Each structure stands twice: as structure tokens, then as C-alpha cells.
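Throughout, numbering of the chain's residues begins at 1 and tracks the sequence. Just so we're clear, the structure is a prediction, and the values are computed from it rather than from any experiment.
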Amino acid sequence: MRHSEFWSLMDAVFGEVYAPTLARDHALTALSSRTCVQALEDGVAPRDVWHALCDELEVPQDRRDGGDRRRVIPPRRR
């Protein structure tokens with residue numbers, strides 16, 4: 001997943017107005033209490049940030065693709 005895909009998913013799932021605020025202000029437990037923005041700046045892969053955010057906010061699996069069933073979300077790393 002590229003950074004642009006991450007931001008596109010943020011807008012699709014959380015809305016263009018709320019997504020930037022969420023990414024900037026919500027600290028994620030799974031990412032050592034970093035926000036999405038901080039984690040991305042620190043070099044965490046966008047897919048790992050996406051999965052951490054969706055898991056913490058309990059986004060259902062069927063909504064994680066932003067409503068585009070053709071979009072393939074890379075699986076979380078093991």
C-alpha cells in the first residue's frame with residue numbers, strides 16, 4: 001500500500017473532513033501511542049498503520065476497503 005492509497009482509504013472510510021483530524025490526533029496503542037501521521041513519518045508501512053487504526057476503531061472488515069470491493073487491501077504483516 002502506498003501513502004496515497006492510505007490517504008484515499010482514510011477519506012473513504014472516515015470522511016474527508018474527519019480523516020485528517022483522526023490521523024493527526026488519535027494515538028494508536030499498537031503503534032506505541034503514535035498517531036497515524038507520526039507513525040508514517042517514522043517509516044511505519046502504510047498498511048500496518050491502516051490495520052492498526054482499523055483494529056483499534058473496530059472498523060468492520062467489509063468497510064476497510066472504503067466501499068470499493070475491487071480495491072485489494074494488503075494483508076497485515078506477520
Q: With distance as the sole test, does R47 use its side chain to make a donor-acceptor pair with the main-chain N or O of I73 at under 3.5 Å?
A: no
Q: Please report the interatomic distance CG(D65) to SG(C54), rounded to the nearest 0.5 Å.
A: 10.0 Å
Q: Taking ILVMFWY side chains as joined if any heavy atoms are under 4.5 angstrom apart, and letting links pass through other members, which residues group with V72?
A: none
Q: Under the rule for side chain to side chain donor-acceptor pair (under 3.5 Å), what residues qualify as partners of S8, not counting sequence neighbours?
A: R71
Q: Could you list the residues that satisfy salt bridge (Lys or Arg N to Asp or Glu O under 4.0 Å) with D68, not counting sequence neighbours?
A: R70
Q: Working to the nearest 0.5 Å, report the span between CG of L53 and CZ of R64.
A: 9.0 Å
Q: Looking at every non-hydrogen atom in both residues, tell me the closest pair between V59 and R63 and how far apart they are.
A: CG1-CB, 4.0 Å
Q: Are L9 and F14 close enough that some pair of their side-chain heavy atoms sits under 4.5 Å apart?
A: no
Q: Sort and list the pairs that fulfil salt bridge (charged side-chain N to carboxylate O under 4.0 Å, His left out) and have at least one residue in residues 31-42, not counting sequence neighbours.
A: R34-D42
Q: Measure the spacing between NE2 of H51 and CG of D48 and express it to the nearest 0.5 Å.
A: 7.5 Å
Q: Quick check: does any side chain N or O of H3 sit under 3.5 Å from a backbone N or O of A45, one acting as donor and the other as acceptor?
A: no
Q: According to salt bridge (charged side-chain N to carboxylate O under 4.0 Å, His left out), does anything in residues 1-14 pair up with another residue at least two apart or in another chain? List the pairs.
A: none
Q: So how far is it from L40 CG to W7 CH2, rounded to the nearest 0.5 Å?
A: 6.0 Å
Q: Pairs under 3.5 angstrom only: tabulate donor-acceptor contacts from the side chains of residues 17-29 to other protein residues two or more places apart or in another chain.
A:
unit_1	atom_1	unit_2	atom_2	d
H26	NE2	E56	OE2	2.9

Q: Passes side-chain contact (heavy atoms from CB on, under 4.5 Å), W50 versus C36? Steps please.
A: CA-CA 8 Å; W50 181 247; C36 294; over 6 Å; no
